[in-house]
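Have a look at the structure below before the remarks.
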Amino acid sequence: MKNLLIVESPAKAKTIEGYLGKDFLVKSSYGHIRDLVKTDDAIDVNDNFKQKYEVPADKKAVVSELKKLAKEAETVWLASDEDREGEAISWHLYETLGLRDDKTKRIVFHEITKPAILKAIESPRGIDFNLVNAQQARRVLDRLVGFELSPVLWKKVKPSLSAGRVQSVAVRLIVEREREINRFKPEAAFKIVAVFHTGNLKESFKAELPQRFSEVEEAERFLAACAEATFMINSLETKPSKRNPAAPFTTSTLQQEASRKLGFSVARTMSVAQRLYEAGRITYMRTDSVNLSDTALQGAEQEIKSAYGEKYHKRRQYRTKSAGAQEAHEAIRPTYFDRHTIDGDNAEKRLYELIWKRSIASQMSEAEFEKTTAKIGISTRKEELVANGEIMRFDGFLKVYFESTDDDQEPNIDDNADNTLLPPLQQHQQVELRSMTATERFSRPPARYTEASLVKKLEELGIGRPSTYAPTISTIQNRGYAVKEDRDGKPRDYRVLELTDGRVSTSGKTEITGAEKSKLFPTDIGVVVNDFLVEHFKGIVDFNFTAKVEKEFDEIAQGMKEWTDMLHSFYGPFHTEVESTIKHADRATNERELGMDPETGKRVSVRIGRFGPMVQIGSADDEEKPRFASLRPGQMIETITFEEALELFKLPKKVGEFEDKEMTVAIGRFGPYIRHDNSFYSLPKGVDPHDVTTDSAIQIIKDKRQRDSEKIIRVFEENPEARIENGRWGPFIRFGKQNIKIPKGADVENIAYADVLKWAEADDKKPKKRGKKA
DNA sequence: CAGTGAGCGAGCTTCCGCTTGACTT
């Protein structure tokens, strides 16, 4: 074999092999092949941060194969990515495979196209050790931070916790956003919306007052004045406007759009994209670049011109906005633009179409609009109402794609005065008022993060990389620092003043506010850890810490700074801080005292207990044992009120007997329920668990039994505990507490009791599924 | 789907970034 070329990704290797002739064998390193040993002695801080590396077990096979092939090859081409990590991979390969200078060449390319690769082969270079040193500084700093901070948390908070340059900032963002929301006091103001017509009722249109009234009396006076007024078009202005398409996808923008448009978690987006990439449908999905190769630009142009026509095409090159982008790859795009859709499962199809549309749109002409603004004078007031109309003159890129935004939560009522068509109007024309409303609206707190909007924020801060966004989001949830949840909203009253037929009437309405879907909430442990880190390691969890060290990594990469110098000046003060925190800091807690129990006169306090957040009445020193209750989902130590805490002790509650067995009402993980004879009966929606009486509890139990009995297909004579039932996915066998799947091909009508026993035994031997941690 | 909440202490936990399978459902 003449040439061995090594890239990072096996899918990439396959593609490149097709571009190069028989003289090249193309193989993959599967990312990094070496890492710091997992133990605490990986870095010798007293010997210039000397590192101990090892080939992890799952990389041994790859390394030995590459080693063998490298020995046989005349020339080894190291073609890992052109960024810090890629350069380090080349260096680790060079060292680990025992390569020789005279038969090793380092090449780089930013796109997987034939011309780019051939060109790269014509201009090989050596390994850039400045870049390698920058990566070592990054790697060592992250290890030092993570492996010194985490043990501090084990001592001062609780074992197994973790902290790091990236994850701890992610948690901080969530905690601080939650506090902003808790502190937020909504301000009410009245928004005026009018409907006019031109005299012809069919030609009606909406207009809005730009300013709002904070007092109801002001709004009332305004409406009353309008009742007496005549209205005239004071000015009419028509302006052309344009909208440009968004840049093609990067990892972060793909995660955001897939979250908004398809409802995917960031992890789901990445795994679906990985499948598309491996199937050769899209380019590499972990990228921070918005750049498209010439091949791609040509492909898009050809497809747009043939599918939509010449005037829809406009060649565009985008520039990256995010700091710290390393741009080792292209933007995420389809490999073949003429494939509008692909085969595959539903998720694959939908994600592919999103990528196809976004990429195609990025090379299309702008959409053109004509925006008309009419200002309407009021004879009895000096304010003007404004009506906006918009006509699309040319759809351009909107033919295939429009980008959604994050702020579509809780849309204001009547908020769509924009983007509508206005009837033909003229200056000084009189218009007739049809109706006018003043609606009480409230200012909104900042939005909680979704997984994707948190990724966006991290990217803006330059924290994390395309390959780590999804894992980071998972880590902070797995460690119990944050949870992704839905929360019900609360009703809120608002007032509406209405002017019709010259009279102002007031009515009260109710809306639901604060409902959340799939948002990130901090947990109590997340709050404690965050506050501890902010107090003792302000520098590390500072939002600019990464940006600051990245700047130094860049200087190292340019050969302007010694990587060990940088680490020395960081590690000295950091380590001192770690030592003194271990020695002097108090154990972290967020215990709060809420007051005195009116019944017993004992202290009521909240804190994190062995099994999670809890309320305690009384103390361990008391003669009488203290009482405990766990907090409910959605409740937090920081925000729970005295009343809510006492409420937790009212349940579980005995509500009488039925069939000689006690009935108990409690709230569990899935909501309120009645427990009776070791069975659970959920309360119907809307029933307050405190209001359940003996009679209503019996009724709920009977109802549930009735519903269950309707599901029973057959009870086995041999054993009334064994029966066939209709479940959610069809019939199954209930055998005492065991639920057994009916094997494929079995004749449901003629199952014998012997079959049941056989299947039950087989089912018992199957490994039990791992229970999720609560 | 409960309630549980002491203390002792061996041995363990943990970072970020680059890549996929091997798993289970």
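Computed over heavy atoms, backbone and side chain alike; hydrogens, waters and symmetry mates excluded. Quick note on labels: first sequence line is chain A, next is B, and so on, each numbered from 1.
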Hey, does [X] reach any base, or is it just sugar-phosphate, or nothing, if we go heavy atoms under 4.0 Å?
X	answer
Pro151(A)	base
Arg165(A)	sugar-phosphate
Ala163(A)	sugar-phosphate
Leu161(A)	sugar-phosphate

- Message: Could you spell out the base pairing of DNA chain B as a dot-bracket line? Use Watson-Crick and G-U wobble contacts where both distances are under 3.5 Å, [ ] for crossing pairs, | for partners on a different strand.
- Response: .........................
Could you give the [atom1]-to-[atom2] distance, from [X] to [N], as a whole number of Å?
X	N	atom1	atom2	value
Tyr53(A)	dG17(B)	OH	C1'	12 Å
Lys38(A)	dC15(B)	NZ	P	13 Å
Phe545(A)	dC15(B)	CZ	P	16 Å
Gln51(A)	dC15(B)	CD	C1'	14 Å
Asp41(A)	dC15(B)	CG	C1'	16 Å
Asp35(A)	dT14(B)	CG	C1'	13 Å
Glu550(A)	dG17(B)	CD	P	8 Å
Tyr469(A)	dC16(B)	OH	P	14 Å

- Item | Closest-nucleotide ordering on DNA chain B, the 5'-leading residue of Pro672(A) and Asp40(A) | Pro672(A)
- Note on the structure: By nearest-heavy-atom nucleotide on DNA chain B, the more 5' of Phe680(A) and Ser162(A) is Phe680(A)
Tell me, please, which residues at least two apart from [X] pass ring pair (Phe, Tyr, Trp, His ring centres under 6.0 Å).
X	value
Tyr681(A)	none
Tyr94(A)	none
Phe147(A)	none
His536(A)	Phe532(A)

- Query: Looking at Leu97(A), Val76(A), Leu4(A), which one forms a side chain to side chain contact (heavy atoms under 4.5 Å, CB included) with Leu69(A)?
  - Reply: Leu4(A)
- Message: Looking at dT14(B) and Trp154(A): do their rings stack (centroid distance under 5.5 Å, interplanar angle under 30°)?
- Response: no
- Taking the six-membered ring of Trp91(A), is NZ or CZ of Arg34(A) closer than 6.0 Å to its centre and within 45° of its axis? yes
- Between dT14(B), dC16(B), dC1(B), which one does the side chain of Val166(A) approach most closely? dC16(B)
- Item | Residue pairs, two or more places apart or on separate chains, that pass salt bridge (Lys or Arg N to Asp or Glu O under 4.0 Å) and touch residues 146-156 of chain A | none
- salt bridge (charged side-chain N to carboxylate O under 4.0 Å, His left out) involving Glu330(A) - partner list, sequence neighbours excluded: Arg333(A)
- Taking salt bridge (charged side-chain N to carboxylate O under 4.0 Å, His left out) as the test, write out the residues that go with Lys52(A), two or more places apart. Asp41(A)
- Message: Under 3.5 Å, is there any donor-acceptor pair linking the side chain of Arg675(A) to the base of dC1(B)?
- Response: no
- Note on the structure: Protein-proximity profile, nucleotides 18-23 of chain B, B/S/- by nucleotide at the 4.0 Å heavy-atom cutoff, equals BBS---
- Message: Does the plane of the ring in Phe680(A) sit parallel, tilted or perpendicular to the ring in Tyr673(A)? Use 30° and 60° as the thresholds.
- Response: perpendicular
- By side-chain contact (heavy atoms from CB on, under 4.5 Å), which residues pair with Asp35(A), not counting sequence neighbours? Arg139(A)
- Message: Can you tell me if Gln167(A) touches the phosphate of dC15(B), counting only side-chain N or O atoms and a distance under 4.0 Å to OP1 or OP2?
- Response: yes
Under 3.5 Å, N/O pairs linking protein and nucleotides 4-7 of chain B:
{"residue": "dG5(B)", "atom": "N2", "partner": "Phe611(A)", "partner atom": "N", "Å": "2.8"}

- Task: Quick one: which residue pairs count as a side-chain hydrogen bond (donor to acceptor under 3.5 Å, both in side chains) with a foot in residues 469-478 of chain A, not counting sequence neighbours?
- Result: Glu451(A)-Gln477(A)
- Task: Check the side chains of Gln51(A) and Gln136(A) for a donor-acceptor pair under 3.5 angstrom, ignoring hydrogens and angles.
- Result: yes
